[in-house]
Amino acid sequence: MAYWLMKSEPGEYSIDDLERDGVEPWDGIRNYQVRNMIRDTMQVGDQAIFYHSSCKVPGAVGTMEIVSEAYPDPTQFDANDKHFDAKSDPENPRWLLRDVKFLSKFERTVTLKELKAHPGLEDFQLNKRGNRLSIFPVSDKQWKIILGLA
DNA sequence: GCCAACGTTGGC
DNA sequence: GCCAACGTTGGC
């Protein structure tokens, strides 16, 4: 089983929203590198850290499980959606998503600041300069460290 | 709101 | 295929 980190702006969709919904399609991916990873590398049963980005206290807030194969993101065909993509062909959809299931909410936010300062996380992608991918892999070691902090 | 980083677009 | 312009991400 592999581990991931998945970012969401809590103003758009937070860990509390996922706890309430249980299972949710993780839509809005509009980056080819990320799309390729969720299509080709991610597996049903993988687990992911839920990360709050672009907010007052950015950080890891909980965990979830990947519970579906990749399938077309319906928001790409919805002209009223902010993720609408007029160039995506319905016969060959450009953007995919997977369903995720709530597993846990941390007692507290493990902040970006802590993650940056923690020994053993020097290679963590979140801490790398220019990191902008909304989903990326997390190693077993990194996963254990972060859950240990929660 | 600012800005660095980097992806995408489109003219040539 | 190059590259300038533009858009987006995301921390601060």
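In the text below, chain A, chain B and the rest are named by the order of the sequence lines, each starting its count at 1.
- No more than 12 heavy-atom neighbours from other residues, nucleotides or ligands sit within 6.0 angstrom of CD on A:Glu107.
- Rounded to an integer number of Å, the gap from NE2 of A:His83 to P of C:dT8 is 11 Å.
- Residues forming a side-chain hydrogen bond (donor to acceptor under 3.5 Å, both in side chains) with A:Trp26 (at least two apart in sequence, or on another chain): none.
- Atom-to-atom, CZ of A:Phe84 to C1' of C:dG7 comes out at 18 Å; the value is rounded to the nearest Å.
- Computed from coordinates, the A:Gln125 CD to B:dA5 C1' distance equals 15 Å when rounded to whole Å.
- Paired with A:Trp95 under the rule side-chain hydrogen bond (donor to acceptor under 3.5 Å, both in side chains), one option of A:Asp73, A:Asp85, A:Thr75 passes, and it is A:Asp85.
- The nearest whole Å value for the distance from the CG atom in A:Asn36 to the P atom in B:dG7 is 13 Å.
- Of all the heavy atoms in A:Lys105 and A:Asp16, the pair that sits closest is NZ-OD1, 2.8 Å.
- Between the P atom of C:dT9 and the CG atom of A:Asn31 lies a distance of 9 Å, rounded to the nearest Å.
- For A:Glu19, there are no side-chain hydrogen bond (donor to acceptor under 3.5 Å, both in side chains) partners at least two apart in sequence or on another chain.
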So which protein nitrogen or oxygen atoms get under 3.5 Å of nucleotides 10-12 of chain C's nitrogens or oxygens?
residue	atom	partner	partner atom	Å
C:dG10	OP1	A:Lys7	NZ	2.7
C:dG10	OP1	A:Arg132	O	3.4
C:dG11	OP1	A:Tyr51	OH	2.7
C:dG11	OP2	A:Ser54	N	2.9
C:dC12	OP1	A:Lys116	NZ	3.3

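- Nearest-nucleotide assignment on DNA chain B puts the 5′-proximal partner with A:Gln33, out of A:Gln33 and A:Lys87.
- Under 4.0 Å is where a charged nitrogen must lie from a carboxylate oxygen, and between A:Arg39 and A:Glu69 no such pair does.
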